[in-house]
Structures are given as structure tokens and as C-alpha cells.
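One structure is given below, encoded as C-alpha cells.
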Amino acid sequence: MRTDRSTALRTHTCGELRGSDEGRTVTLTGWVNRVRDHGGVYFLDLRDRYGVTQVVTRPGEAAAELLESLAALRPEFVVQVSGRVARRPEGMVNPDRPTGEVEVVAERVETLAPSEVPPFVIEDETNAGEDLRLEYRYLDLRRPRLQRIIGMRHQVTMTTRRHLDGEGFLEIETPTLVKPTPEGARDYLVPSREYPGRFYALPQSPQLYKQILMVAGMDRYFQIARCLRDEDLRADRQPEHTQIDIEMSFVDEEDVYGLVERLVARLFTDVLGVGLELPFPRLDYDECLDRFGSDKPDLRFEGEIADFTAAVAGSEFQLFGAAVEQGQCVKGLVVPGGGALSRKEADALEEEVKLAGAKGLARAKVTAQGLETGFGNRLEPDRAQGMIAACGAREGDLIGVVVAERMKANRALGRLRACLAARAAAGAAPGDYRFLWVRHFPLFERDEETGRIAPAHHMFTMPLAEDLPRLESDPLAVRAQLYDLVMNGVELGSGSIRIHRRDIQERVMKVIGLDGETLERRFGFMLKAFQYGAPPHGGIALGLDRLVMQMAGSASIRDTIAFPKTTSALSLMDGAPSEADPADLEELHIRIAPRAARPQEGPGPP
RNA sequence: GGGGUCGUAGUUCAGUCCGGUUAGAACGCUGGCCUGUCAAGCCAGAGGUCGCGAGUUCAAAUCUCGUCGGCCCCGCCA
């Protein structure tokens with residue numbers, strides 16, 4: 001690898017001088033990190049992407065002209081410094097910096113570009129608000145922390161390219177202006193100038209194209225693909241995000257798992273120096289929800305959901321006994337050491353399960369005598385012992401109990417579990433990476449709004465072979481060859497084996513009630529392609545931004561993107577989106593409808 | 001679409017409940033002093049549309065309504 005970064009304006013970077021360079025005459029360029037003036041003796045910290053090097057003047061040695069130019073320096077000035085590399089005097093070495101052994105004794109300092117006083121100080125741990133940092137993103141990106149993360153992202157994409165190339169994949173670009181897809185997320189639309197009233201969409205993902213590439217016989221495809229969705233944002237969601245998009249022909253699920261495991265292991269080894277244990281555990285969706293209450297469990301926290309339904313059946317305690325009779329579940333989760341929680345802390349946990357739709361969280365402290373609860377005296381002691389046995393709680397623990405329909409109870413306790421996991425992870429050392437595959441998701445789900453059956457992933461997902469016979473009779477029970485890659489409670493990727501057989505595709509389309517005309521309009525080109533010999537195929541898309549976020553230990557996806565948008569999809573640096581020039585709109589055959597005036601509700605004068 | 005929370009000096013915040021003196025602190029900035037710092041130190045100084053608009057009041061950073069923006073969450077995200 002080429003390491004010489006010398007250019008016309010510099011001989012070395014600010015990160016590479018060492019004791020062995022003593023005596024060398026060098027020229028450095030960079031940004032003024034800080035200047036410390038001790039009354040004629042200057043210390044100048046010069047910063048670039050590679051590090052920080054200290055530049056000094058020695059008493060009596062520096063010319064007046066040099067001192068003058070040093071006195072004029074301010075933070076973030078871009079300067080060029082020439083001088084001689086010297087070892088620092090005894091006791092003056094800075095062990096916190098790779099260049100800390102040496103300093104450059106300045107002979108000449110030239111300002112290449114001055115700088116306004118920056119709105120916030122460029123240092124690793126800034127306390128500047130995020131909106132300000134986004135407005136001045138170029139200053140934010142100068143911070144070593146972000147430089148490190150952006151560098152890590154580069155290493156991840158380069159390693160991905162090298163690795164997939166080594167496994168015979170072709171990197172193929174797919175279009176940015178595509179056909180709108182009426183189902184799924186909202187599209188970003190692009191008006192057509194040539195065709196009044198018609199629109200392109202920006203791709204939500206290259207899904208259809210990568211499948212067509214399989215039909216085209218490309219066999220193995222990947223792309224570092226930009227995906228755009230006009231949906232509301234979150235801490236780990238941006239309107240444009242990047243996926244490592246992969247598709248392979250003649251494969252089954254295990255082929256995809258193996259490929260991704262090798263790729264991810266390589267990334268963690270090459271980029272982080274961390275070895276991962278392969279293969280990752282595989283867990284069926286149903287079991288995953290029963291045990292962890294989530295389809296993306298954080299396995300760093302070991303606690304699992306316990307089922308108390310059998311233990312409390314027939315109890316005189318109405319909340320439990322009657323619920324079981326009505327076919328509901330009584331499930332719970334142990335909060336280790338939770339017996340010491342204050343009322344307020346325990347209430348906060350209850351709020352979590354309520355957010356997931358549970359009516360409440362019954363709490364029981366485990367003591368030497370049994371369960372100490374608000375309902376304890378109404379729950380028979382042997383049933384209380386049965387609960388303790390069922391969840392393995394120990395003295396001092398708290399058992400949180402939810403009574404609800406099975407999946408609702410799972411979801412609620414999953415939320416509680418995620419909360420406990422996050423709390424545990426906050427105190428734990430970083431570097432604990434727990435991967436798993438969650439597979440065999442349901443093929444369909446009921447659309448809560450319309451009540452209709454809709455594909456859980458997309459309509460090209462292959463059902464599990466053994467479930468094919470009940471496709472029509474019990475579609476919601478049909479599982480799919482559909483999988484997520486999960487790490488530490490975060491979904492890093494999602495994929496499936498696709499339907500390549502016309503007959504199965506038609507049955508699936510019939511179940512979701514798509515008529516031929518709608519189908520033709522939306523997916524005609526795709527179905528046509530599939531009539532000309534579609535190979536069995538499948539793939540996955542890994543969220544690059546989230547992956548880098550996890551590898552960098554960052555809490556926000558915005559740290560991993562050079563120019564991210566706010567949670568309201570604004571770009572604070574350039575002000576996008578902005579209003580269009582009327583002439584441009586004219587050309588695009590677009591007229592802006594005035595926003596309907598809202599009724600004034602403010603208090604008027606009496 | 002909905003909820004929560006925040007918006008005061010260049011920055012991060014206090015002050016807001018309970019309206020009333022000249023709106024404070026730290027960092028940064030400017031000037032001075034200082035011969036080994038690396039978060040340098042010491043002294044002095046400048047710096048405010050209290051997000052914006054309306055209302056209530058003798059009086060609004062403070063109360064009310066609206067609005068704009070940041071962050072977080074629910075819905076949404078095949």
C-alpha cells in the first residue's frame with residue numbers, strides 16, 4: 001500500500017513524524033488546532049486527517065518575522081510550516097500522541113488560508129448541538145471522531161468489495177430513476193419533463209433489478225446501493241441510506257447465511273481486529289418471539305421470557321386464573337436485582353410494556369419467603385413457587401408479569417427486555433458482538449388498516465416448502481424463507497429466497513388479492529422477465545450505515561453519513577429541500593396548489 | 001399524522017413554576033502579561049432581537065395562543 005503522502009506543498013503529514021526522523025527538515029500543512037503562547041515561545045498544534053504534530057519556537061532562535069506570523073495565527077487557519085524535526089526534551093514527551101516524541105522547530109510559517117472564528121471548537125468530544133454541527137458539517141467532519149468513523153466506513157466498503165470480488169460477485173449498478181412502486185414505503189418522485197404528468201421514482205432498493213439480473217444470468221451480484229424512502233425518520237433511519245445489496249443464483253438459505261457470515265467475519269477482523277465465532281446462531285421467528293419478545297433480540301442480555309400460564313392456571317387470583325380460562329397467556333421476565341428498584345423506576349418499566357400495548361405490568365419481588373406482591377396474598381403459595389421455578393428467579397429479583405394474548409404479551413415483554421438489555425449494555429465494555437439469524441418469518445401479515453392480507457416482506461418471497469399446502473387454507477400461518485441478520489438488538493440486514501416458479505407466484509398473488517391488471521401495471525416487466533427462465537435465487541441487503549454505526553460504537557446513524565439530514569428530512573447545511581424556480585416548474589408541467597388555509601384558533605381580541 | 005422535550009451571549013447552560021433591580025456562569029473571542037506547554041496559566045475587556053408572531057398585563061425571557069426549528073418516541077418504514 002502506498003503510504004507516502006508527500007505533495008508539492010508538504011513533505012509529511014501531521015501524523016507520521018517519529019523520533020527516528022530527528023534532524024530531518026520537513027514541511028507540514030494542516031489546520032491550526034491550538035496555539036499556546038508563553039511569551040515569545042510558541043507551541044502550535046497542527047492537525048490534519050492523519051494526526052496532530054507540535055510545532056515550536058525556541059527562545060533566542062526564532063526570527064522576529066517568524067514570531068510575528070505565529071502571533072497572527074488563530075484556530076482553523078490553514079498553514080504551511082517548515083522546520084527541523086527535534087526530539088522533545090526529557091520529560092516533555094506527550095505519550096497520548098503517536099507524534100508525541102518529536103516536535104518541529106519552526107523556521108518558516110505561512111498562512112495558506114485564514115478562518116473565521118468557528119461556531120464551535122473542533123475537538124473530539126464537542127458539546128455543540130447537533131443542529132449547529134449539521135449546519136457546519138465541514139467543521140464537524142474535521143473532528144477526529146468523525147474522521148475515524150468515515151474512515152472506518154471506507155474500510156468497510158473496500159473490504160466488502162474485495163471480499164465479494166473474491167467470491168465471484170460482480171458489482172453492477174442499477175438505475176436511479178426507476179418505476180414508482182405503489183406498495184410499500186412512499187417513493188420520492190421525480191417529474192418527467194418529456195412526458196407531462198408522468199414520474200420516475202427514486203429507488204427504495206434495487207430489489208426488482210437485482211432479481212432481473214439473476215434472470216439475466218449474472219449469477220452473483222452486489223452493489224453498494226443508495227436507497228431512498230420518503231418516510232418519517234428515527235435515530236437509526238435516514239431518507240437516503242446505503243445497503244450492501246447482494247443476490248445469488250442457485251442457492252438456499254444456508255448458502256446466503258454462509259456468504260454473509262464470511263463477509264461479516266472478514267469485516268470485523270480486517271476493520272476492527274475482532275474475531276467472530278461462526279456460524280451465527282439461527283433462530284426461528286416464532287421461537288424468537290416466545291423467548292425474547294422481539295424479532296431482533298439483544299443476546300448480550302441473557303434473560304428470557306418465562307411462561308407462567310401453566311403455573312397459575314386455576315388460581316383463585318382473578319387476574320391470572322380468569323385470564324388463563326379465557327385463553328390468555330401469563331408471561332413474565334426476570335429483572336435481575338430488580339427487587340431494589342424504587343416505585344418510580346418500576347413504574348418506568350411498566351410504561352414500556354404499556355407502549356407495546358399491554359394493560360400493565362404486575363410486579364413481584366422474590367424473597368426468601370416466596371413472592372412479595374400487591375397481589376401476593378391472593379396468589380396461592382404453591383403457584384407462586386411454580387412461577388419462581390418457571391423463570392429461575394433468585395432472591396432479590398423482580399418478576400414483571402404481563403397478562404395478554406400470546407403475541408401481545410411477547411411484544412410487551414420484548415420491549416421490557418430491550419430496555420433491560422440497553423441498560424446492561426450501557427455499563428458493559430464495548431466489543432461484545434452477538435449476531436444471530438432470525439428466520440422463517442410469516443409470509444403474510446394482516447394489514448391493520450384494510451384488514452387485508454399483505455406480504456410481510458415482498459410478494460416475491462418464497463414460502464417454506466413444508467407450508468406450501470396451507471397457502472390458501474391458512475395463509476397467515478405460512479412461514480417464508482425470509483431472514484434477518486441481527487446483532488445486539490439491531491437489525492443489520494434482511495433478505496429472502498425468492499419465488500422463481502410461476503405457479504407459486506400466481507398462488508401468492510391470488511392470496512393477497514392482486515388482480516391481473518394491477519399486477520401487470522406494477523410488476524409486468526418483472527413477471528415477463530420471469531417467463532424466460534428464472535433461476536432459483538435469493539439474497540440479502542445489509543444496512544451499511546447501521547453496520548458502521550455498530551462497529552464504531554456510535555448511537556446515531558448520522559455519525560456514519562458524511563452529509564446526513566435531520567429527523568425532519570432537512571439538510572441544514574445547504575437548506576434542501578428548497579422552492580423550485582417557477583420556470584423549472586413550468587417546464588415540468590407542475591403547478592403548486594396553495595396549502596389549504598387552516599382555521600385560526602388563536603384567541604382573538606374580545 | 002400524533003405525542004414528549006428543548007430553543008436565553010459565538011457555544012453549552014442557569015434564570016421561566018411563583019411576571020418586577022443592570023438577564024448570569026463556564027468555555028470560546030479580543031487585548032495585556034508570561035521561556036516548555038500539550039484542556040497551558042494569570043489579569044482585563046467586548047459580546048444578548050431571551051427562535052419568530054400575536055395576546056393578557058402598569059410591566060413578559062417568565063403567563064396564553066399560534067408558528068418555525070432541533071432531538072426522542074408512536075404510527076409509518078415491502
Side-chain angles (χ1 to χ4, degrees), chain A residues 33-47 52-62 67 71 74-75 88-97 99-100 103 116-136 139 181-187 204-205 207-208 227-239 241 351-352 354-357 415 441 443-445 447-449 454-461 480 482 491 494 496 512 522-523 541 543 555-556 558 565-568 570 572 598-606:
Chain A
N33 204 38
R34 274 200 174 81
V35 187
R36 294 176 294 278
D37 169 9
H38 285 251
V41 175
Y42 285 89
F43 297 92
L44 162 61
D45 286 341
L46 201 59
R47 179 191 71 234
V52 177
T53 298
Q54 175 165 285
V55 177
V56 296
T57 58
R58 294 251 166 99
E61 290 178 17
L67 295 179
R74 295 289 178 272
R88 295 193 185 188
E90 190 126 358
M92 304 302 164
V93 167
N94 183 347
D96 298 332
R97 259 182 215 165
T99 63
E103 56 196 9
E116 298 284 321
V117 176
F120 53 91
V121 179
I122 314 300
E123 56 192 359
D124 233 0
E125 291 307 319
T126 181
N127 58 1
E130 191 163 13
D131 47 344
L132 192 74
R133 288 165 41 209
L134 287 175
E135 184 182 347
Y136 295 93
L139 299 181
T181 48
E183 88 297 348
R186 275 189 287 270
D187 285 319
Q204 297 176 22
S205 80
Q207 184 64 41
L208 301 184
C227 304
L228 303 106
R229 293 170 193 178
D230 190 4
E231 292 292 347
D232 290 350
L233 308 179
R234 289 284 191 283
D236 61 353
R237 258 194 249 159
Q238 281 274 302
H241 74 283
E351 281 311 307
E352 287 295 328
K354 281 184 173 172
L355 277 171
R415 203 179 160 94
F441 281 69
L443 182 62
F444 302 111
E445 60 192 11
D447 186 318
E448 293 297 337
E449 272 176 36
H457 187 57
H458 60 59
M459 55 172 274
F460 306 108
T461 302
L482 175 53
E491 179 198 319
S494 189
S496 64
I512 57 183
R522 294 181 184 178
F523 304 113
S556 167
R558 294 183 291 272
K565 293 184 171 52
T566 67
T567 46
S568 52
L570 294 175
L572 295 181
R598 288 190 193 181
Q600 288 296 317
E601 290 173 2

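Remember, predicted model here, so these are calculated numbers, not experimental data. Residue numbering restarts at 1 for every chain, and letters A, B, ... go by the order of the sequence lines.
With distances taken from any side-chain atom of L570(A) to the nucleotides G70(B), C71(B), C38(B), the minimum falls on G70(B). Candidate nucleotides C74(B), C77(B), U37(B) were compared by shortest atom distance to the side chain of A185(A), and C77(B) ranks first. Taking only side-chain atoms of R88(A), from C-beta outward, the nucleotide of C29(B), G28(B), U37(B) with the closest atom is U37(B). Comparing G70(B), U35(B), U11(B) by their closest approach to the side chain of L132(A) singles out U11(B). In this structure, of C29(B), C72(B), U11(B), it is C29(B) that holds the atom nearest to the side chain of P75(A). Nearest nucleotide to the A235(A) side chain, out of C71(B), C72(B), C29(B): C72(B).
A sub-4.0 Å separation between OP1 or OP2 of U30(B) and a side-chain N or O of R74(A) is present. In terms of phosphate contacts, S568(A) brings a side-chain nitrogen or oxygen within less than 4.0 Å of OP1 or OP2 of G70(B). In terms of phosphate contacts, R36(A) brings a side-chain nitrogen or oxygen within less than 4.0 Å of OP1 or OP2 of A40(B).
A distance of about 10 Å separates the C1' atoms of C63(B) and U57(B), rounded to the whole Å. Nucleotides A54(B) and A60(B) place their C1' atoms 13 Å apart, quoted to the nearest Å. Nucleotides A59(B) and G20(B), compared at atom C1', are 7 Å apart to the nearest Å. G15(B) and G1(B) have their C1' atoms separated by 36 Å, with the value rounded to a whole Å. Taking the C1' atoms as reference points, C13(B) lies 12 Å from C6(B), given to the whole Å. Taking the C1' atoms as reference points, C73(B) lies 26 Å from C65(B), given to the whole Å. A distance of about 28 Å separates the P atoms of A46(B) and G53(B), rounded to the whole Å. Distance check on atom P: C42(B) versus G69(B) gives 43 Å, rounded to whole Å.
When rounded to the nearest whole Å, the span between CG of N127(A) and P of G10(B) equals 16 Å. When the C1' atom of C76(B) is taken as reference, atom CG of D236(A) falls 14 Å away, rounded to whole Å. The interatomic distance linking E351(A) (CD) with C74(B) (C1') rounds to 13 Å, in whole Å. Rounding to whole angstrom units, CG of residue L139(A) and P of G10(B) are separated by 17 Å. Between Y42(A) atom OH and G41(B) atom P the separation is 17 Å, expressed in whole Å. Spacing between atom CE of M92(A) and atom P of C38(B) amounts to 10 Å, rounded to whole angstrom units. If you take CD1 of I122(A) and C1' of U12(B), they are 15 Å apart, rounded to a whole angstrom. Going from atom CD of E231(A) over to atom P of C77(B) covers 6 Å, rounded to whole Å.
Both distances falling under 3.5 Å, in either a Watson-Crick or a G-U wobble arrangement, place U64(B) opposite A54(B). When both pairing distances are held under 3.5 Å, G69(B) makes a Watson-Crick or G-U pair with C6(B). In this structure, G36(B) makes no Watson-Crick or G-U wobble pair, since no nucleotide meets both defining distances under 3.5 angstrom. In this structure A44(B) sits in a base pair with U30(B), meeting the Watson-Crick or G-U test at under 3.5 Å.
Checked by distance alone, E103(A) brings a side-chain donor or acceptor within 3.5 Å of a matching partner on the base of G36(B). In the interface, the side chain of D37(A) is paired with the base of C34(B) through a donor and an acceptor atom under 3.5 Å apart. Side-chain atoms of R558(A) stay outside donor-acceptor range of the base of C71(B), with no qualifying N/O pair under 3.5 Å. On a pure distance criterion of 3.5 Å, a polar donor-acceptor pair joins the side chain of D232(A) and the base of G75(B). Judged by atom type and distance alone, R234(A) reaches the base of G75(B) through a side-chain donor-acceptor pair under 3.5 Å. Within 3.5 Å, no donor on the side chain of R34(A) pairs with an acceptor on the base of U37(B), nor the reverse.
Residue-level contact check: P59(A) touches the bases, meaning some heavy atom is under 4.0 Å from a base atom. Residue-level contact check: G40(A) touches neither bases nor backbone, having no heavy atom under 4.0 Å from any strand. Residue-level contact check: A456(A) touches the backbone only, with heavy atoms under 4.0 Å from sugar-phosphate atoms and none from bases. Within the 4.0 angstrom heavy-atom criterion, base atoms lie near Q54(A). Nucleic acid contact class of F43(A) (heavy atoms, under 4.0 Å, all strands): base. Residue R415(A) is classed as a sugar-phosphate contact, given heavy-atom separations below 4.0 Å to backbone atoms only. In this structure, Q207(A) reaches the bases: a heavy-atom distance under 4.0 Å links it to at least one base atom across the strands shown. Using a 4.0 Å heavy-atom criterion, one finds that P89(A) contacts the bases of the nucleic acid, with or without backbone contacts as well.
N94(A) and Q54(A) share no side-chain donor-acceptor pair at under 3.5 Å. Neither side chain, Q238(A) nor R229(A), offers a donor N or O lying under 3.5 Å from an acceptor on the other.
Here H38(A) does not count as stacked on G36(B), because the ring centres are not under 5.5 angstrom apart with planes under 30°.
Here the side chains of M459(A) and I512(A) are in contact, with some heavy-atom distance below 4.5 Å. V41(A) is not listed as a side-chain neighbour of V56(A), based on a closest heavy-atom distance of 4.5 Å or more. Considering only heavy atoms from C-beta on, R415(A) stays 4.5 Å or farther from E351(A) through its side chain. In this structure, the side chains of E231(A) and P239(A) stay at 4.5 Å or more apart for every pair of heavy atoms. Within the 4.5 Å cutoff, the side chain of V35(A) has heavy atoms near those of the Y42(A) side chain.
The 5' end of RNA chain B is approached more closely, in terms of each residue's nearest nucleotide, by R97(A) than by the other of D131(A) and R97(A). Mapping A555(A) and R237(A) onto RNA chain B via the closest heavy atom, the residue that lands nearer the 5' end is A555(A).
Classification of D45(A) and R36(A) as a salt-bridged pair holds, one side-chain N sitting under 4.0 Å from a carboxylate O.
Contact record, D131(A) with L572(A): O-CD1, 3.5 Å, taken as the closest heavy-atom pair.
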